[in-house]
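By convention in this document, chain letters (A, B, ...) are assigned in the order of the sequence lines, proteins followed by strands, and residues within each chain are numbered from 1. On a predicted model such as this, the values are computed, not experimentally measured, just so you know.
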Number of protein chains: 2
Amino acid sequence: MRQEKIVDLANSENCPVRNVLDRFGDKWSTLILLVLGRKEPLRFGAIHRSIGTISQKMLTVSLKKLEADGLVDRTVFAEVPPRVEYCLTERGKSLLPVLQQLVDWANEHMEDIRASRAASGVD
Amino acid sequence: MRQEKIVDLANSENCPVRNVLDRFGDKWSTLILLVLGRKEPLRFGAIHRSIGTISQKMLTVSLKKLEADGLVDRTVFAEVPPRVEYCLTERGKSLLPVLQQLVDWANEHMEDIRASRAASGVD
DNA sequence: CAGAATCCCGTTTGATACTG
DNA sequence: CAGTATCAAACGGGATTCTG
């Protein structure tokens, strides 16, 4: 019987976990997916306002990555003024429940974590 | 009727999601939790070897954060040479299933993501 | 409106050396 | 062994300006 079902975490190139984490470990991607998960499609500006504190540069960059990974679809309408809509792909949607779990966990444990953090003096 | 059950994502201070993401969005925390989830307790050096590419500085920093958040327990043995063991707290363990879902998703979709990425020419 | 292009700075991260 | 201390490099990310 094999002892390791889990992929080798030491190999960052071939480990799916690390590979994916390298993407969603960034500051914004997860947030964007969650926003689109709430309501789609959304225009660039709508996402921007929805997150609030993201710069449009980072929003652009993050959306491009998500699009490159096939998690988000980008549709440009030939209008003036230009309109661009974003929505989740099937793959993107499949990630949503997982992220939702993370959100739920966060909601549930945040107060305790805050308290621990404060008590330990680590910011 | 209220329209928003989900916490306001625009408010980074009070939003549990962002607050938690700010922690696990880093490069190593998730990985460390997963490593400890596989086997505990583990000594500092064991975790270090298990992840492989992390510097011992970052491992120290990350472990401290996790300890401050009450996700990891640190036990120092009064021996020579010194021995320090790390294990998950109950809170830490409660996060594990969620992370495992993420791992599963990553395993399942990584190839497709890789392909999309390559096709798009990003990164 | 939706971005692209620059400039710029703070933080993160890694290498290296040192210590209890 | 399990860190701490320091320095330098790399990167993320914000502000601003410009375009189709």
Side-chain angles (χ1 to χ4, degrees), chain A residues 9-10 12-13 18-19 21-32 35-36 40-69 72-87 120-123, chain B residues 9-10 12-13 18-19 21-32 35-36 40-69 72-87 120-123:
Chain A
L9 293 170
S12 56
E13 301 309 316
R18 302 197 50 175
N19 210 294
L21 246 43
D22 277 357
R23 285 295 174 137
F24 301 99
D26 76 45
K27 206 172 174 180
W28 304 113
S29 299
T30 310
L31 234 32
I32 294 173
V35 167
L36 285 174
E40 26 161 25
L42 281 180
R43 302 183 56 170
F44 185 90
I47 303 177
H48 197 184
R49 281 187 302 278
S50 188
I51 296 189
T53 58
I54 192 175
S55 67
Q56 110 287 51
K57 171 185 173 180
M58 290 321 296
L59 182 52
T60 302
V61 171
S62 302
L63 281 170
K64 270 192 181 152
K65 284 187 186 175
L66 292 174
E67 191 193 356
D69 283 8
V72 162
D73 248 347
R74 180 175 183 273
T75 310
V76 183
F77 294 84
E79 306 174 357
V80 176
R83 176 163 58 111
V84 181
E85 287 189 346
Y86 294 89
C87 56
S120 76
V122 171
D123 149 56
Chain B
L9 292 170
S12 56
E13 300 309 315
R18 301 198 49 175
N19 208 294
L21 246 43
D22 278 356
R23 286 296 173 134
F24 300 99
D26 77 47
K27 206 172 175 180
W28 304 113
S29 300
T30 310
L31 233 34
I32 295 173
V35 167
L36 284 174
E40 16 158 36
L42 281 180
R43 302 183 56 168
F44 184 90
I47 302 177
H48 195 184
R49 281 186 302 279
S50 187
I51 297 188
T53 58
I54 191 174
S55 66
Q56 107 286 50
K57 173 184 174 181
M58 290 320 298
L59 181 54
T60 302
V61 171
S62 302
L63 281 170
K64 272 192 180 150
K65 284 187 187 176
L66 292 174
E67 192 193 355
D69 283 8
V72 162
D73 249 346
R74 180 174 182 273
T75 309
V76 183
F77 294 85
E79 303 174 359
V80 178
R83 176 164 57 110
V84 181
E85 288 187 348
Y86 294 89
C87 57
S120 77
V122 170
D123 184 16

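Judged as a side-chain contact (heavy atoms from CB on, under 4.5 Å), and not counting sequence neighbours, A:Val80 has no contacts. Among residues two or more places apart in sequence or in another chain, the side-chain contact (heavy atoms from CB on, under 4.5 Å) test is passed with B:Ser29 by B:Phe24, B:Asp26, B:Leu66. With sequence neighbours excluded, the residues forming a side-chain hydrogen bond (donor to acceptor under 3.5 Å, both in side chains) with A:Arg83 are A:Glu79, A:Glu85, listed by chain and number. Listed by chain and residue number, A:Phe44, A:His48 satisfy the side-chain contact (heavy atoms from CB on, under 4.5 Å) test with A:Gln56 (two or more places apart in sequence, or in another chain). Evaluation of the side-chain contact (heavy atoms from CB on, under 4.5 Å) rule for A:Pro82 yields no partner, not counting sequence neighbours.
Scanning residues 55-66 of chain B for heavy-atom distances under 4.0 Å to DNA chain D yields B:Gln56, B:Lys57, B:Thr60, B:Lys64.
Overall bending of the helix from C:dC1-D:dG20 to C:dG20-D:dC1, expressed as the angle between end axes built from five pairs apiece, is 50° (10° steps).
The OG atom of B:Ser50 sits 8.5 Å away from the CG atom of B:Leu31 when rounded to the nearest 0.5 Å. Taken from CD1 in B:Ile32 to CD1 in B:Ile47, the straight-line distance is 6.5 Å, to the nearest 0.5 Å. Going from atom CG of A:Leu63 over to atom CE of A:Met58 covers 10.5 Å, rounded to the nearest 0.5 Å.
Note on residues 53-66 of chain A: no pairs pass salt bridge (Lys or Arg N to Asp or Glu O under 4.0 Å), not counting sequence neighbours.
Using a 4.0 Å heavy-atom criterion, one finds that A:Phe77 contacts no nucleic acid atom at all.
In the 5' to 3' direction, nucleotides of DNA chain C lying under 4.0 Å from heavy atoms of chain A begin and end at C:dC1 to C:dC7. In summary, contact between chain B and DNA chain D, defined as any nucleotide atom under 4.0 Å from a heavy atom of the protein, begins and ends at D:dC1 to D:dC7 in the 5' to 3' direction.
Closest heavy-atom contact between A:Leu36 and A:Tyr86: CD2-O, 3.5 Å.
When each of B:Tyr86 and A:Ile54 is assigned the nucleotide of DNA chain D with its nearest heavy atom, B:Tyr86 is the one assigned upstream, toward the 5' end.
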| message | As a quick check of understanding, evaluate side chain to side chain contact (heavy atoms under 4.5 Å, CB included) for A:Thr53 and A:Trp28, giving each step before the final call. | response | CA-CA 10 Å; A:Thr53 58; A:Trp28 304 113; 3.7 Å; yes
